[in-house]
Chemist: 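Here it is, the structure, as structure tokens.
Just so we're clear, the structure is a prediction, and the values are computed from it rather than from any experiment. Here is how names work: the chains are called A, B, and so on, in the same order as the sequence lines, proteins then strands, and each is numbered from 1.
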Number of protein chains: 2
Amino acid sequence: MTNIALDTETTEGPSLRREDGAGQTSLHGELLAALRDYIVEGNLADGARVPERLLCDRFGISRTPLREALKVLAAEGLIDLLPNRGARVRALSADDLRELFDVMGGLEALAGRLACERISDEEIAEIEQSHHEMYRFYLRRDMHGYFQCNQDIHRMIVAAAGNATLSATYNSIAGRIRRVRYSANLDKERDRWGEAMREHEAILDALRRRAGSELSDIMFLHLRNKRKAAQHQSATQTDELDEESHSA
Amino acid sequence: MTNIALDTETTEGPSLRREDGAGQTSLHGELLAALRDYIVEGNLADGARVPERLLCDRFGISRTPLREALKVLAAEGLIDLLPNRGARVRALSADDLRELFDVMGGLEALAGRLACERISDEEIAEIEQSHHEMYRFYLRRDMHGYFQCNQDIHRMIVAAAGNATLSATYNSIAGRIRRVRYSANLDKERDRWGEAMREHEAILDALRRRAGSELSDIMFLHLRNKRKAAQHQSATQTDELDEESHSA
DNA sequence: GGCCGATGTTTTGCATTCATTTTTGCCTTT
DNA sequence: AAAGGCAAAAATGAATGCAAAACATCGGCC
């Protein structure tokens, strides 16, 4: 039986209810964000049933707003809602991950293209700064720092695209992926660390030249390579996924 | 005062409740889909308040499931949820449309790239068939038939990508755009009808050669051109949007 | 005559309640 | 002893109820 990893310690947890004077709860988006974090951070096991009652106690609310939040999370793809059988944390199959990585690659490719259309020299300078910082982490073999800079750069490029819809879509996809433990997947990334660095050099170069179409290509392939590395690592369950890419 | 375009005729409307024998309602996804259609089809005016009580009567349900559905639609970006002030139909600004079109372009670019990796000759043959049908509509100047085929082709390419996550994301974005009256935007598309046909020829050509990266480019630019045509048409409110594209 | 505040109404957000379904434990039967 | 069935318990989906907030209407004031 799947054991639920709910920490039911005596610490009251983050009650969202406002019990100060005003009397009104007004949690609106807060509960949603809190619950999303709760799930994304892995407090519930993969495929585990989402216990309504327990979460109600945990967050100090009744079932109505909780269920509203669950519906939203289901729409976002974080959980599955089975008719009359409650919510379950969506366990990402190797195939799901492959799909998510490709979509993320597509969105980053788009971000790169759009960024080239409107990015300022100042923004590029900021990215360059993060890039150099990342390079120092690379030289020091500081995986964690490197990864942090890496994420920052990708985020900056998405932001430079100046498209809020794209950012929202990107964050949604990235959130779903975040549930799988990155560190595990990235251990294998170390094998192609130098390669990844060179790809980032190419990204920066294309960005400087505002070569949108070219950057778009690089971004997608960069993600695709990252995906392949991650896949290779967890090959135990992804044997059949090594189909060849026909793209040039 | 914004008048709500709710048709409150005596015709009972599509009650979702199951009153046959079983007694159980079990509307689950049905209400959501019905409500989404209701909004996407334009039964409510842009920016109009979404009247909970009226919709409850209309669909024959209580407020609880309706509000759950509204939360989901808000997450999808179809409506805005204002704290303590209810839901309003999200009115798409010219800027929103620009963003949505670009994201759609990015997703189709991705679809084209992925399709090249796995599409079969049979699937290409099907697309070619639709393409030729579309061409016949073009020769006959049948805008409606042409447009139908056009959409089919784009859908087929997205389907050929074999990525359910991509399809879902694509449908979400397409749904949001669908709320604006296509026909209006497409009247101007007529000006570049021949150009669009040539672009579709290029799409098919790249697809046949499985030239993923190239197809990706073509798909994005195809959408970008479509966007520009649509923008030009409704230029009354999009004067400042003519920023130049730096991409080669 | 127009602007501002008070008061009643409507609407919203959430809690609670209720009917139905699913699940679980126990008992019977073979 | 294992399998099947039944009943109790829990959980789900939805309806209703209730306090607070927004909205609307009306009266007072300048």
Chemist: Partners of B/Phe220 by ring pair (Phe, Tyr, Trp, His ring centres under 6.0 Å), sequence neighbours excluded?
Modeler: none
Chemist: Rounded off to whole Å, could you give me the CG-to-C1' distance for the A/Asn84 and C/dT21 pair?
Modeler: 5 Å
Chemist: Rounded to whole angstroms, how far apart are CD on B/Glu52 and P on C/dC14?
Modeler: 11 Å
Chemist: Take the protein atom CG of B/Leu66 and the nucleotide atom C1' of D/dG13, then report the distance between them rounded to whole Å.
Modeler: 15 Å
Chemist: Using the test ring pair (Phe, Tyr, Trp, His ring centres under 6.0 Å), find all partners of B/Tyr170 that sit at least two apart in sequence or belong to another chain.
Modeler: none
Chemist: Restricting to pairs with a member in residues 145-172 of chain B, which pass salt bridge (Lys or Arg N to Asp or Glu O under 4.0 Å), not counting sequence neighbours?
Modeler: B/Asp152-B/Arg155
Chemist: From C-beta outward on B/Ile61, which listed nucleotide comes closest to its side chain: D/dA15, D/dA22, D/dT12?
Modeler: D/dA15
Chemist: Under the side-chain contact (heavy atoms from CB on, under 4.5 Å) test, which residues partner A/Ala161, sequence neighbours left out?
Modeler: A/Ala111, A/Leu114, A/Leu166
Chemist: Report yes if a side-chain nitrogen or oxygen of B/Arg85 is closer than 4.0 Å to either non-bridging phosphate oxygen (OP1 or OP2) of C/dT12; otherwise report no.
Modeler: no
Chemist: Are any of A/Arg67's side-chain N or O atoms less than 4.0 Å away from OP1 or OP2 of D/dA14?
Modeler: no
Chemist: Would you mind reading off the distance between A/Glu30 atom CD and C/dC14 atom P, rounded to a whole angstrom?
Modeler: 10 Å
Chemist: Run the side-chain contact (heavy atoms from CB on, under 4.5 Å) test against B/Ser130 and tell me which residues pass, sequence neighbours left out.
Modeler: B/Ile153, B/Met156
Chemist: Between the two end axes of the helix from C/dG1-D/dC30 to C/dT30-D/dA1, each built from 5 base pairs, what angle do you get to the nearest 10°?
Modeler: 0°
Chemist: Taking atom P of D/dA15 as reference, at what distance in whole Å does atom CD of A/Glu68 sit?
Modeler: 14 Å
Chemist: Could you state the CZ-C1' distance from B/Arg49 to C/dT12, rounded to the nearest angstrom?
Modeler: 9 Å
Chemist: In whole Å, what is the span from the CG atom of B/Leu32 to the C1' atom of D/dG13?
Modeler: 15 Å
Chemist: Listed by chain and number, what are the salt bridge (charged side-chain N to carboxylate O under 4.0 Å, His left out) partners of B/Asp37, not counting sequence neighbours?
Modeler: none
Chemist: To the nearest angstrom, how far is B/Leu82 atom CG from D/dC23 atom C1'?
Modeler: 14 Å
Chemist: Look at B/Arg67 together with A/Glu68 and state whether they make a salt bridge at an N to O cut-off of under 4.0 Å.
Modeler: yes
Chemist: Using the 3.5 Å cut-off, write out each protein N or O paired with an N or O of nucleotides 16-18 of chain D and the distance between them.
Modeler:
| unit_1 | atom_1 | unit_2 | atom_2 | d |
| --- | --- | --- | --- | --- |
| D/dT16 | O4 | B/Thr64 | OG1 | 3.3 |

Chemist: Could you please name the option among D/dT12, C/dT12, D/dA14 that lies closest to any side-chain atom of B/Arg53?
Modeler: C/dT12
Chemist: Using the test salt bridge (charged side-chain N to carboxylate O under 4.0 Å, His left out), find all partners of A/Arg63 that sit at least two apart in sequence or belong to another chain.
Modeler: A/Glu52
Chemist: Decide, yes or no, whether a salt bridge links B/Arg90 with B/Asp46 under the criterion of side-chain N to carboxylate O below 4.0 Å.
Modeler: no
